[in-house]
Amino acid sequence: MAKARGSRVQRPTPAREHEVLASVPRDQWLAVYTQMLTIRVFEEHVHDLWRRGKMPGLAHLYIGQEAVAVGVCQALRPDDYITSTHRGHGHCLAKGAAADRMFAELLGKAAGYCRGKGGSMHIADPETGNLGANAIVAGSAGIATGAALSAKMRGSAQVAACFFGEGALGQGVLYEAMNMAALWKLPVIYVCENNLYNEYTHYAETTAGEMAARSAAFAISTTEVDGQDVRAVYAAAHAAVQRARQGGGPTFLLCHTYRFHGHHVGDVDRSYYRSKEEEQQWRSGRDPLRILADWLRAQGTAQPDDFERIERSVRALVEAAVQFALSAPYPEASEVHQDVYA
Amino acid sequence: MAKARGSRVQRPTPAREHEVLASVPRDQWLAVYTQMLTIRVFEEHVHDLWRRGKMPGLAHLYIGQEAVAVGVCQALRPDDYITSTHRGHGHCLAKGAAADRMFAELLGKAAGYCRGKGGSMHIADPETGNLGANAIVAGSAGIATGAALSAKMRGSAQVAACFFGEGALGQGVLYEAMNMAALWKLPVIYVCENNLYNEYTHYAETTAGEMAARSAAFAISTTEVDGQDVRAVYAAAHAAVQRARQGGGPTFLLCHTYRFHGHHVGDVDRSYYRSKEEEQQWRSGRDPLRILADWLRAQGTAQPDDFERIERSVRALVEAAVQFALSAPYPEASEVHQDVYA
Amino acid sequence: MSMPETAATPPATGAVREITFGQAIREALAEEMRRDPRVFIIGEDVAEAGTPFKVLSGLVEEFGRERVIDSPISEAGITGLATGAAMTGMRPVVDIMFGDFLTLAMDQIANQAAKVHYMSGGKLKVPLVVRTTLGATRRSAAQHSQSLHAWVSHVPGLKVALPSTPYDAKGLLKSAIRDDSPVVFFEDKMMYTMRGGVPAEEYTIPLGVAEVKRPGGDITIVATSSMVHVALAAAEALAAEGISAEVVDPRTTMPLDTETIIESARKTGRAMVVDEGYERYGVTAEIAAVIAEGAFQYLDAPVRRLGAMHVPIPFSPVLEDLTVPTPETVAATARALCGRA
Amino acid sequence: MSMPETAATPPATGAVREITFGQAIREALAEEMRRDPRVFIIGEDVAEAGTPFKVLSGLVEEFGRERVIDSPISEAGITGLATGAAMTGMRPVVDIMFGDFLTLAMDQIANQAAKVHYMSGGKLKVPLVVRTTLGATRRSAAQHSQSLHAWVSHVPGLKVALPSTPYDAKGLLKSAIRDDSPVVFFEDKMMYTMRGGVPAEEYTIPLGVAEVKRPGGDITIVATSSMVHVALAAAEALAAEGISAEVVDPRTTMPLDTETIIESARKTGRAMVVDEGYERYGVTAEIAAVIAEGAFQYLDAPVRRLGAMHVPIPFSPVLEDLTVPTPETVAATARALCGRA
Ligand SMILES: Cc1ncc(C[n+]2csc(CCOP(=O)(O)OP(=O)(O)O)c2C)c(N)n1
Ligand SMILES: Cc1ncc(C[n+]2csc(CCOP(=O)(O)OP(=O)(O)O)c2C)c(N)n1
Ligand SMILES: [Mg+2]
Ligand SMILES: [Mg+2]
């Protein structure tokens with residue numbers, strides 16, 4: 001299959017200057033908007049595929065958190081690394097994955113990024129620096145930190161961004177990895193997406209003290225940011241990436257955000273753990289797409305028909321990707337034995 | 001075997017008032033001194049037994065750190081819990097273990113606390129609240145915290161003290177346990193004995209940031225204390241125990257100390273990781289026994305012949321304990337199958 | 001594998017209801033929690049959520065958040081806390097959501113909980129239950145589909161239960177909770193909605209006693225957990241061809257009821273072992289070795305093993321379904337063993 | 001068990017030196033680090049201390065602290081970092097001081113390193129070596145004496161090596177480092193000072209090839225790691241009684257050279273398996289099952305297994321020595337199998 005079909009998300013070149021936001025051409029924010037919308041529409045289709053019984057298993061939608069993945073990946077080079085989580089579609093797309101091969105993977109097809117062997121929670125794409133989504137909470141803390149160690153040893157000036165939910169703060173291995181990252185000044189950025197819930201439990205019930213203190217305790221530079229504002233995320237990530245690339249060591253980026261949907265597609269009755277009002281407030285008041293769109297409009301960078309044009313093209317692209325995946329063949333039975341050992 | 005033979009270390013009743021140090025009768029400090037000396041002499045005999053080829057395996061001497069175990073255990077009730085480490089003899093003795101059954105365990109004899117099955121690194125004695133030494137670094141963080149959870153659930157007002165070396169800060173499970181202790185306000189005291197070395201590596205090479213920040217990040221009340229000054233340790237531990245017993249939750253007690261000997265009895269050539277001068281400085285200037293003795297002398301509480309008398313009786317007691325253990329029988333072969341399942 | 005809707009009915013002595021496997025688990029927990037105030041539950045999303053599988057729904061309402069404790073995502077930590085609580089007078093039941101996450105708790109399970117009793121010369125006890133899941137074919141991919149019971153079965157000091165029916169699930173779980181040793185209890189995720197008869201009155205099933213789930217004379221199929229139903233389906237197919245298969249369910253791998261297993265193999269002269277863990281160095285190896293030794297003089301053919309394929313479990317349904325034993329592969333193996341290939 | 005001082009000499013093709021097992025490990029590492037700048041070592045006290053067993057002494061002097069990295073006491077963390085480094089162009093060798101601490105790294109080993117290649121559809125590779133120890137009788141008690149190689153042998157995606165001589169140790173470790181899959185490499189602590197012949201010139205030993213360490217015709221003794229020497233000592237004693245034992249060393253449990261093992265058993269008609277891991281659900285079970293199936297028609301007696309006793313390893317020397325196979329128990333079992341009891 002062609003490596004970069006039409007649906008690959010555009011990644012504008014990251015700005016190098018320190019006056020980060022000012023230096024980003026306004027047009028670029030349109031590309032950012034397009035990326036975020038692509039993730040949104042991608043996830044809507046995932047939801048739809050599942051409801052129609054076309055997608056095996058479950059999936060964890062990223063809707064509501066798009067600004068985090070896109071803002072961070074904007075600040076990365078194509079050869080920089082990311083690791084992702086069970087809620088990983090947004091990270092993969094933002095780092096450059098093509099929607100069609102993503103869908104193919106979600107449907108267990110041979111054209112998928114992992115030839116159907118990984119599925120929603122294990123999409124990996126070394127060509128875009130994606131070392132893999134991970135179904136173990138905090139399971140990639142070590143991997144991302146090790147990629148940073150490797151980058152440092154190889155002198156490649158690559159950076160690794162490690163995405164995880166605030167639930168990962170419960171896992172000891174995160175602290176083990178952060179300790180080493182700080183000790184050895186590794187070029188890794190821990191991107192903690194605090195979407196308020198560990199599955200069905202509010203973080204306040206599982207997290208003692210201040211989240212930001214956890215990384216600060218390891219002398220890791222720690223920044224809190226509004227995860228619904230992609231420009232804020234980008235600025236913070238850009239600074240972190242610069243630090244990392246210049247040998248300044250790790251950063252912990254605490255992004256406050258919210259998942260608009262359930263923990264996974266099957267999590268429909270949510271009222272026992274969070275109110276409809278809360279959801280409504282975030283959806284209407286803190287939608288990262290709306291926040292960026294409002295800014296673009298206020299700046300005069302985009303007009304209503306720009307948004308319509310973008311939406312049309314994104315929808316066309318994602319729908320084509322879905323069709324591609326639906327009609328793609330499953331792997332041959334013989335593949336089951338392949339790639340156990342390298 | 002008799003439960004409490006003569007060699008059981010005396011534990012004076014802990015003071016209840018808040019003006020802790022003032023309230024402790026001066027005489028009591030003599031008993032504290034006796035305890036500390038008992039540990040010192042016990043460990044000297046361990047060393048000697050090993051050198052004479054009488055003790056199987058290895059042992060990690062507590063010499064130099066006596067003030068920590070004794071200061072903390074002074075503040076505990078007999079039914080309070082402790083958990084200990086590979087360097088555990090001091091903790092066990094301070095909590096009330098008898099030297100003879102300790103030696104018997106170290107020699108693998110049936111009269112030992114664990115019928116010879118545990119050895120130096122696994123001495124447990126529920127009767128004195130000792131839930132066991134542990135040969136996994138940080139291996140008892142969960143156990144101690146669980147004992148505190150249990151105490152809280154049972155409403156027993158018991159407290160658990162969890163001893164560990166600063167090397168345990170490398171283990172993720174410690175953070176998992178501390179998080180829950182803080183969340184649920186569990187009556188547990190984390191006693192971190194910073195003796196500067198993780199085996200043969202200085203803590204500065206393994207520990208990013210400030211140690212005290214690690215627990216503070218979980219909103220755990222954190223106190224640093226001179227671990228060579230038993231009175232300071234006692235005062236801090238007493239405050240922590242009061243807090244814990246009153247439902248105030250966990251405390252992290254960071255005790256700065258030093259092991260006078262090698263990591264274990266076989267660690268003789270140490271110059272590649274620490275200097276003779278450093279050792280000498282601690283031994284001569286920071287000996288916890290000398291520090292307490294000086295204070296007792298300055299206070300007029302003890303005269304030179306008091307110390308001689310104590311030393312004679314401690315030595316006699318410990319030597320008798322060694323003799324007891326040396327002449328005690330090994331377990332029967334049939335015991336090997338016993339107590340796998342309860 | 002798709003589960004049959006109804007499991008074999010238990011030896012009924014009084015009123016028997018049809019309930020699901022999940023309900024049976026819940027009943028066992030509720031009854032033991034009512035009976036013994038020392039029993040409590042700790043795990044991720046166990047309270048209001050009642051676990052992602054809804055197995056614990058309703059328990060927090062009856063027993064409160066003090067006894068049904070929602071924890072952080074800390075498998076090692078909660079297992080460690082539970083071990084300490086068990087050593088000091090409580091009887092915790094830990095919920096490890098997916099058996100794959102045992103990897104994170106192995107130190108607490110194997111180095112702490114399993115060894116405390118022995119290392120202390122018998123003085124400390126660890127009446128701990130770790131409930132977790134096993135089983136593939138849920139399209140959950142390699143990190144959410146494993147059956148890792150071989151690991152814990154290997155470790156002295158642990159007991160290991162793998163119920164295959166609601167009846168067994170309830171009876172074994174009650175015994176596990178009352179046991180003074182740590183027990184790791186595996187529930188197949190795919191069985192939670194399977195229905196089966198469970199007596200209304202109280203009962204327990206001792207750990208270490210196998211059950212012949214279907215008697216037969218030509219071949220012995222030892223099967224564990226949901227593989228019992230795969231074996232029963234295969235036995236049904238084989239019966240139509242005139243092969244009478246005896247299905248033996250060990251119910252616990254530790255202790256293992258070697259007597260019942262060997263006796264069956266001696267009787268039939270042919271044996272195979274079916275288990276959903278990875279085949280190599282797995283549970284099938286132990287049981288096959290036990291049979292091969294214990295029934296040596298009686299065997300007309302080598303003992304055959306069917307476990308999960310030696311691959312990480314793939315996501316794609318077309319691949320995943322190839323990796324686990326099915327009624328067809330079990331029947332085919334049995335046929336071959338009986339010389340009817 | 002006390003180790004013989006000298007191991008069997010290798011097939012020498014050039015200059016052969018007598019070096020210790022520990023030196024052989026060090027040589028393998030040094031040669032591979034010279035050969036390939038991507039190879040590095042990470043672990044606790046590996047640099048100046050050269051590990052508590054002094055196996056790595058001198059390496060930091062040659063390769064510097066960037067390539068011989070002293071880590072915090074973080075088994076999970078370092079295995080995770082090494083996995084990530086392996087995925088991105090390096091070839092790390094992780095040092096897990098005692099095999100008992102694998103418990104702490106099992107998620108990184110079994111859920112991450114083992115599965116990454118497969119889960120990524122073959123795109124990512126994890127050329128990782130985890131070196132660790134096994135073996136009891138060192139008076140180190142239950143948490144420092146285990147032989148947990150059965151766990152990792154069970155997990156698809158991992159290779160597992162257990163060398164028994166300096167020659168094998170060097171040759172297998174070099175292969176492990178060059179392998180593109182994760183390899184868990186077990187060294188018996190009691191063998192580090194054992195001497196044996198090792199060629200001066202470079203060589204490697206492929207993973208997955210067993211070696212007949214002593215030929216014989218009456219009985220096959222499959223033995224792993226230090227148990228090879230126990231088996232050889234037993235074979236020596238048996239020879240004096242007129243029983244000719246063939247000792248087969250699989251050298252790796254994954255891949256397992258079933259062919260050589262089965263062939264030997266077919267030839268002798270009697271087989272036993274000796275391994276220092278816990279016997280139940282352990283390595284002896286898999287190998288016994290393989291033999292019982294593969295040599296079914298040829299066996300005059302059931303395959304017997306000798307592993308570690310089903311107890312946590314006790315500290316007391318008088319008890320500990322009872323828990324592992326010895327030349328005496330191996331010989332007695334062999335005698336019984338040969339009808340000479
Ligand atoms: C080690 C581990 N424990 C438990 C789970 C089950 N689980 C999957 S997602 C999740 C909650 C994760 O919460 P968070 O990290 O905040 O990520 P979010 O889902 O909010 O994106 C849990 C408990 C898991 N996958 N891995
Ligand atoms: C999990 C684990 N990793 C490694 C070891 C080996 N080990 C034993 S003691 C020790 C150093 C411990 O240092 P610290 O915690 O500071 O205690 P100290 O010896 O200084 O009292 C190490 C690495 C172990 N026992 N457990
Ligand atoms: Mg979350
Ligand atoms: Mg220390």
Side-chain angles (χ1 to χ4, degrees), chain B residues 81 83 105 110 112-119 121-127 129-136 138-154 156 158 160 162 171-181 183-184 186 188 331 335 338-342, chain C residues 37-40 42 65-67 69-92 94 104-105 107-108 110-128 155-159 179-183 207-208 254-255:
Chain B
Y81 298 115
T83 61
E105 189 59 38
Y113 274 108
C114 311
R115 303 199 60 76
K117 281 174 174 158
M121 296 199 288
H122 301 288
I123 290 171
D125 179 22
E127 285 176 34
N130 177 357
L131 298 177
N134 208 306
I136 302 293
S140 65
I143 291 172
T145 310
L149 173 65
S150 158
K152 185 174 177 182
M153 293 179 98
R154 289 181 287 106
S156 68
Q158 287 162 292
C162 178
Q171 289 284 328
V173 72
L174 175 65
Y175 303 96
E176 299 189 7
M178 290 202 299
N179 185 36
M180 289 185 269
L183 278 170
W184 303 330
L186 301 182
V188 55
E335 286 210 27
Q338 282 166 25
D339 297 323
V340 179
Y341 295 97
Chain C
R38 298 170 301 175
V39 179
F40 72 96
I42 184 167
R65 302 185 116 239
E66 283 69 40
R67 293 181 70 194
I69 305 176
D70 264 347
S71 77
I73 308 174
S74 308
E75 284 76 9
I78 59 178
T79 310
L81 260 71
T83 301
M87 288 162 67
T88 54
M90 302 299 290
R91 304 185 81 85
V94 173
L104 293 156
D107 189 66
Q108 300 301 321
N111 277 336
Q112 311 298 342
K115 297 186 177 26
V116 160
H117 185 60
Y118 192 82
M119 290 194 305
S120 70
K123 281 198 246 147
L124 289 161
K125 291 194 173 111
V126 187
L128 166 73
V155 178
L158 301 175
K159 297 185 179 178
D179 202 290
D180 277 341
S181 295
V183 182
L207 306 177
M254 185 59 65

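Excluded from the calculations below are hydrogen atoms, water molecules and symmetry mates; all remaining heavy atoms, backbone and side chain alike, are included. Order of the sequence lines fixes the chain letters, A, B, ..., with proteins taken first and strands second; residue numbering starts at 1 for each chain.
If you measure heavy-atom distances from V173(B) to chain C, the contacts under 4.5 Å come from the side chain alone. Both the backbone and the side chain of S71(C) come within contact range of chain B, judged by heavy atoms closer than 4.5 Å. Using a 4.5 Å cut-off between heavy atoms, Y81(B) contacts chain C through its side chain alone, with no backbone atom that close. With a 4.5 angstrom heavy-atom cutoff, I42(C) touches chain B only via side-chain atoms. Contacts between Q158(B) and chain C at a heavy-atom distance below 4.5 Å are absent for every atom of the residue.
Interface remark: of the candidates Q108(C), H117(C), M90(C), H117(C) forms the most heavy-atom pairs closer than 4.5 Å to chain B. Of the residues considered (K115(C), K125(C), M87(C)), M87(C) shows the highest number of contacts with chain B, using heavy-atom pairs under 4.5 Å. Heavy-atom pairs under 4.5 Å with chain C were tallied for N179(B), L131(B), I123(B), L174(B); the largest tally goes to L131(B). Counting heavy-atom pairs closer than 4.5 Å to chain B, the top-ranked of the candidates D179(C), L158(C), N111(C), V126(C) is L158(C).
Taking each heavy atom of S181(C) and A342(B) in turn, the nearest pair found is OG-N, 2.8 Å. Heavy atoms only, all atoms of each residue included: E75(C) and E176(B) are closest at N-OE1, 4.1 Å. Closest of all the heavy-atom pairs between L124(C) and A124(B) is CD1-CB, 3.8 Å.
In this structure, CE on M178(B) lies 12.0 Å from OG on S74(C), to the nearest 0.5 angstrom. Atom-to-atom distance recorded for R115(B):CZ and Y118(C):OH is 11.5 Å, nearest 0.5 angstrom.
Not counting sequence neighbours, D339(B) has no partner by the salt bridge (charged side-chain N to carboxylate O under 4.0 Å, His left out) test.
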**Q.** Residues Q112(C), N134(B); criterion side-chain contact (heavy atoms from CB on, under 4.5 Å); working and verdict
**A.** CA-CA 9 Å; Q112(C) 311 298 342; N134(B) 208 306; 2.8 Å; yes
(Q) For Y341(B) and M254(C): C-alpha separation, side-chain torsions, deciding distance, then whether side-chain contact (heavy atoms from CB on, under 4.5 Å) applies. (A) CA-CA 11 Å; Y341(B) 295 97; M254(C) 185 59 65; 3.4 Å; yes
Q.
Set out, in order, the CA-CA distance, both residues' side-chain angles and the distance that settles side-chain contact (heavy atoms from CB on, under 4.5 Å) for D107(C) and I136(B), then state yes or no.
A. CA-CA 9 Å; D107(C) 189 66; I136(B) 302 293; 3.5 Å; yes
Name each donor-acceptor pair under 3.5 Å that joins a side chain in residues 138-152 of chain B to protein atoms two or more places apart or in another chain, with its distance.
from    : atom 1 : to      : atom 2 : distance (Å)
S140(B) : OG     : T83(B)  : OG1    : 3.1
T145(B) : OG1    : A141(B) : O      : 2.6
T145(B) : OG1    : Y190(B) : OH     : 2.8
S150(B) : OG     : R154(B) : NE     : 2.8
S150(B) : OG     : R154(B) : NH2    : 3.0
S150(B) : OG     : T88(C)  : O      : 2.9
S150(B) : OG     : T88(C)  : OG1    : 2.8
K152(B) : NZ     : W184(B) : O      : 2.7

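The closest side-chain heavy-atom distance from I69(C) to M180(B) is not below 4.5 Å.
Between the side chain of K123(C) and the backbone N or O of Y113(B) there is at least one donor-acceptor pair closer than 3.5 Å.
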